[in-house]
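One structure is given below, encoded as structure tokens.
In this text the structure is predicted, and so the values were computed from the model without any measurement.
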Amino acid sequence: SHTAIRVFVNEGEGLNHDVSVTVASQAGTGSNLFRYNNPIVSAINPTTHVTTGGTITITGNNFGASTASYTGKIGSTSFSSATRLSHTAIRVFVNEGEGLNHDVSVTVASQAGTGSN
């Protein structure tokens, strides 16, 4: 119709994206109209680790494009590094910590997701 179009959106991350449409050399832009879904944390592997820290894999969804940057925590302990494995998995190095049943939080391009244990 002349009031709507359907487009394919590539993988990405973030919020408040502008949307631009060009038809017959005429362009129009709407500001802050689009956002990707927040990351979802489904599981971590391994679910236990030594208190000196180490590498774990976090699985879920909406972990963004290959150029995304990640921050996050297991409980109150921040990741010191994170590597994207896919749109549904990241590998993180967790610094030393202690305790059990920690929540896991992942932030991708200012969008946060949390999984509870």
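Residues Val23 and Val19 share a hydrophobic cluster, clusters being chains of Ile/Leu/Val/Met/Phe/Trp/Tyr side chains in contact below 4.5 Å.
Across all their heavy atoms, Val106 and Pro39 have their closest contact at O-CG, 3.6 Å. Nearest heavy atoms, Glu13 versus Ala65: OE1-N, 2.8 Å.
Under the ring pair (Phe, Tyr, Trp, His ring centres under 6.0 Å) criterion, Tyr36 pairs with His17, Phe34, sequence neighbours left out. Asn45 is linked by a side chain to side chain contact (heavy atoms under 4.5 Å, CB included) to nothing, counting only residues two or more places apart in sequence or in another chain. The side chain to side chain contact (heavy atoms under 4.5 Å, CB included) check on Asn10 picks up Phe8, with sequence neighbours excluded. Shown here are the salt bridge (Lys or Arg N to Asp or Glu O under 4.0 Å) partners of Glu11, two or more places apart in sequence or in another chain: Arg84.
Between atom CG of residue Asn101 and atom OG1 of residue Thr47 there is a gap of 10.0 Å, rounded to the nearest 0.5 Å.
Sorted pairs that involve residues 51-64 and meet side chain to side chain donor-acceptor pair (under 3.5 Å), not counting sequence neighbours, are lacking altogether. Within the structure, no pair that satisfies the ring pair (Phe, Tyr, Trp, His ring centres under 6.0 Å) test touches residues 52-91, not counting sequence neighbours.
Side-chain contact between Ile74 and Ile56: present, with at least one pair of heavy atoms (C-beta onward) separated by less than 4.5 Å. Looking at heavy atoms from C-beta onward, Asn32 lies in side-chain contact with Asp18 at the 4.5 angstrom threshold.
Just one of Thr114, Asn38, Thr71 meets the side chain to side chain contact (heavy atoms under 4.5 Å, CB included) condition when paired with Thr107; it is Thr71.
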